[in-house]
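Have a look at the structure below before the remarks.
Quick caveat: nothing in here was measured; it's all calculated off a predicted structure. Here is how names work: the chains are called A, B, and so on, in the same order as the sequence lines, proteins then strands, and each is numbered from 1.
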Number of protein chains: 2
Amino acid sequence: MMRRSALSSRLERYLQLTEDERDALDWAERREVRVPAGMVLMEQGGGVDTLFVVQQGWLHSSTNLKSGGRQILRFHYPGDLIGTSSIAWAQAANTLTAVSDCIVSELSKVNLGRIFKAQPRLAGLLYAMAAAENVAMADRLASIGRTDAIERLATLLLDILARLRVTAGGVIESFDLPLTQKDIGDAVGLTKVHVNRTLGEMERRGMIERSGRRIRIVNEAELIAFTGFVDRYATVATDWLPQPTALAA
Amino acid sequence: MMRRSALSSRLERYLQLTEDERDALDWAERREVRVPAGMVLMEQGGGVDTLFVVQQGWLHSSTNLKSGGRQILRFHYPGDLIGTSSIAWAQAANTLTAVSDCIVSELSKVNLGRIFKAQPRLAGLLYAMAAAENVAMADRLASIGRTDAIERLATLLLDILARLRVTAGGVIESFDLPLTQKDIGDAVGLTKVHVNRTLGEMERRGMIERSGRRIRIVNEAELIAFTGFVDRYATVATDWLPQPTALAA
DNA sequence: CGCCTGTTTGAGAAGACTCAAAACGGGTGG
DNA sequence: CCACCCGTTTTGAGTCTTCTCAAACAGGCG
C-alpha cells in the first residue's frame, strides 16, 4: 500500500526480513515530508516527539556552541534513522539541516515502541545500528582529536564517498560536494580558510582533483591506507538476534 | 540468588522496573570478573562475543591510531553497558582499559538477544540509553572540534564529576583523578605538556585547585556557564516505551 | 638509596587562526 | 545579453595556540 521504506532496504542489507517485519516498518512510517536544501528540519532545543527516516537526499546534524561556533556531527543518508535524540529526551539535542533536497518520513516514538514490542528482531537490529553509529562517532572523535588537517579532510571525503556509494549503487569515483568550505570546516573542526588551503595542498600533492565542487579521489586505496579509514557500515553482526516473531506463519 | 546488578539500578533511575525485568537482567549477567587498574579488558581488533556491565570502578575505551597516537573515547562507570561494539561486529572496535580496580560482569550477546525478545520495554530503554550515549559523544566531538584547551579540560572535569556523583550519591566537590596527564591529553586531544600548562593556567585563574591528583572545582556553576556543559544522563524519556510484558501477573 | 614514572618548566617550531582583500561564479534584473 | 550582486573561494600577512624536543624536578616503590 505504501512505497517501500528506505529503512527496510537498509536493514535488508544485513538481514533478510520477514514480510511481517517489513510491514511493521512501512506501516510505522507516516507523512512523507519534502525538505528543500538548506532547510532546518529540527532545531536544537525545540520540542520533538518523532524520528525521521531519510528516504532521499542527505542532511546533517549539528550543534551550536555558546561561543558562536558550530560543529557538524554527522551526515545522514537514505535509510538512516535520524533525530534519535528525541528517543531519550523531549527536546532535540541537535539541529537537522538538509544538505540537498530531501524526502524524509516521520516515525513517531510511539510507533517505534510498537515495533520494539512486536518485532524484537528488528529492535535488536536497530540497537546494533545504534552501536555502529556510536563507533562511527568514535572514529570521528579520534580523527578530529588526534590528526592534522590533511588527514581529517581525507577521512571525511572517504567517509562521504563510502556512504554515497551505498545509495548510488555503482562504483563512484568522483562526487559533488554540495557543502561550502565553511561547512566542511565545521565538520572537521577547522576554519574555512584553513580548509581551503588544505584542499589546495591535497590537490598539489596529487591526492585529489577538483573542479568546482566536484571532487575526485585520485588513489583511493592509497588514501585509505594513509588514513586508516574503516567503513563501519559495511557489515553488522546479526548472529545474536532473536528469532523473528512470526516464525510460525 | 545473585547480587543485584548495577545495570538494573541504573535503569531504575529512569523507570520502575518489574520483578520480571529485574530478574531478566540479573539472570543474563554471568561471571563477574575483577579487573585491576591498568589492565586491558578488551583489545581493539580482538574477537569478542560478550558485553560487560560495569559493577564497580571505572574504565575507559580508546582507539589507537596508525600514526601512533591514542584517543580516549569515553569513560565508563558503574551501571554502564560496555563493549557494545561487539553487538555490531565480531571484532572489538576499541580497547577497554581499567582506570581503577574494577568489577565487571559478562553479558553475552545471546542473552542480550533473549532480553530483547522477552522484555521489549527493557530493549527500548537500552536503545534510549544508546541514543543518550550518542549525544554525549556528539558533545565531546563539539568540545574537541571547536573549543580551546581550557574549555576542553573544564568540560572533561565537569563530565567526570557529574558521572562520579551518580555512583557516590552525595554532593562531591573534589575528586581524585587516577589519570596521568598523558591520559587526560588523550581524552581531550592535547599533548601531555599542554595539559600540564593548561591545568596550571586554570589554577592560576582560580577555576580549580589541585593537590597531587585531587582536583577541586572552585565554582561549579560558573564553570558550567562558561562551558555550556549539559549532563546528558540526568533524565531519559520513557514515555514511548511499550508496556512491560508481565503486566498480567 | 636509587629507579622509574609522571610532572613541571623552558625554548623554539609548526600548524592553525584572524583579519583583510581580491577573484570567482552563478543568478537576477535591467 | 550584459551589468551587477551576493555568497563563496582564494590569496596574503601576521599572530596565537599548541606541539616538539629536552631537561630538571618530584614522589612512590623495591
Side-chain angles (χ1 to χ4, degrees), chain A residues 36-39 65 67-72 97 99-101 142-157 176-205 207-215, chain B residues 36-39 60 65 67-72 97 99-101 142-157 176-205 208-215:
Chain A
M39 179 180 249
L65 304 173
S67 23
R70 180 180 69 152
Q71 174 72 45
I72 292 181
T97 312
V99 172
S100 65
D101 291 338
S143 172
I144 291 181
R146 303 265 83 160
T147 73
D148 66 9
I150 289 194
E151 203 167 330
R152 286 188 215 177
L153 284 172
T155 305
L156 179 71
L157 294 178
D176 259 318
L177 254 197
L179 301 170
T180 66
Q181 294 180 355
K182 170 84 164 47
D183 291 334
I184 298 175
D186 285 344
V188 298
L190 297 169
T191 330
K192 62 182 188 216
V193 175
H194 201 59
V195 166
N196 182 285
R197 289 196 228 274
T198 307
L199 286 176
E201 172 69 15
M202 289 173 78
E203 196 167 19
R204 212 166 310 119
R205 292 199 197 173
M207 304 169 96
I208 60 173
E209 283 164 9
R210 293 184 297 161
S211 66
R213 282 187 183 169
R214 178 154 282 270
I215 291 193
Chain B
M39 179 182 248
H60 65 66
L65 304 173
S67 23
R70 180 181 68 153
Q71 173 72 47
I72 292 182
T97 312
V99 172
S100 65
D101 291 338
S143 172
I144 292 180
R146 302 265 86 162
T147 74
D148 66 10
I150 289 195
E151 203 167 330
R152 287 188 215 177
L153 283 172
T155 305
L156 179 71
L157 294 178
D176 260 318
L177 254 198
L179 300 170
T180 67
Q181 295 181 352
K182 170 83 163 47
D183 291 334
I184 297 175
D186 285 343
V188 297
L190 297 169
T191 330
K192 62 182 186 211
V193 176
H194 201 61
V195 166
N196 182 287
R197 289 197 228 273
T198 308
L199 286 176
E201 171 68 16
M202 290 174 78
E203 197 165 20
R204 211 166 310 118
R205 292 198 197 175
I208 59 172
E209 284 164 8
R210 294 186 295 163
S211 65
R213 283 188 183 170
R214 178 154 281 269
I215 292 192

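- Here C:dT8 presents its P atom at 17 Å from NZ of B:K182, a figure rounded to the nearest Å.
- Side-chain contact between A:Q71 and A:I144 is present, with at least one heavy-atom pair separated by less than 4.5 Å.
- Picking from C:dT9, C:dT8, C:dC19 the nucleotide with the shortest atom distance to the side chain of B:R197 gives C:dT9.
- Atoms CG (A:N196) and P (C:dA22) sit 17 Å apart, rounded to a whole Å.
- Across all non-hydrogen atoms, the minimal contact from B:E151 to B:T155 is O-OG1, 2.7 Å.
- The base of C:dG25 has none of its N or O atoms less than 3.5 Å from a complementary donor or acceptor on the side chain of A:R213.
- For the helix from C:dC1-D:dG30 to C:dG30-D:dC1, the angle separating the two terminal helix axes comes to 30°, with each axis derived from five pairs and the value rounded to 10°.
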* Show your reasoning for whether salt bridge (Lys or Arg N to Asp or Glu O under 4.0 Å) applies to B:R197 and B:E201. => CA-CA 6 Å; B:R197 289 197 228 273; B:E201 171 68 16; over 6 Å; no

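- For DNA chain C, none of the residues of residues 147-156 of chain B falls under the heavy-atom distance limit of 4.0 Å.
- Side chains of A:R205 and A:I150 form a contact here, defined as non-hydrogen atoms less than 4.5 Å apart.
- A straight line from CG of B:D186 to C1' of C:dG6 spans 14 Å, rounded to a whole angstrom.
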* Step by step, would you call A:D183 with A:L177 a side chain to side chain contact (heavy atoms under 4.5 Å, CB included)? -> CA-CA 10 Å; A:D183 291 334; A:L177 254 197; over 6 Å; no

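- In this structure, A:T191 reaches the C:dC17 phosphate: one of its side-chain N or O atoms is under 4.0 Å from OP1 or OP2.
- Rounded to a whole Å, the CG atom of B:L199 is 15 Å from the C1' atom of C:dT9.
- Across all non-hydrogen atoms, the minimal contact from A:R213 to A:L179 is NE-O, 3.7 Å.
- In summary, contact between chain B and DNA chain D, defined as any nucleotide atom under 4.0 Å from a heavy atom of the protein, begins and ends at D:dT18 to D:dC21 in the 5' to 3' direction.
- Considering every non-hydrogen atom in both B:P178 and B:D176, the closest pair reads CD-O, 3.2 Å.
- One can place CG of B:L190 at 14 Å from P of C:dA16, the figure rounded to the nearest angstrom.
- Between A:L65 and B:R146 the shortest heavy-atom distance is CD1-CB, 3.1 Å.
- Taking atom CD1 of residue A:I144 and atom P of nucleotide C:dA16, one finds them 13 Å apart after rounding to whole Å.
- Contact check for B:T180 versus B:K192: no side-chain heavy atoms found under the 4.5 Å cut-off.
- Whole-Å rounding puts the B:H194 NE2 to C:dG15 C1' distance at 13 Å.
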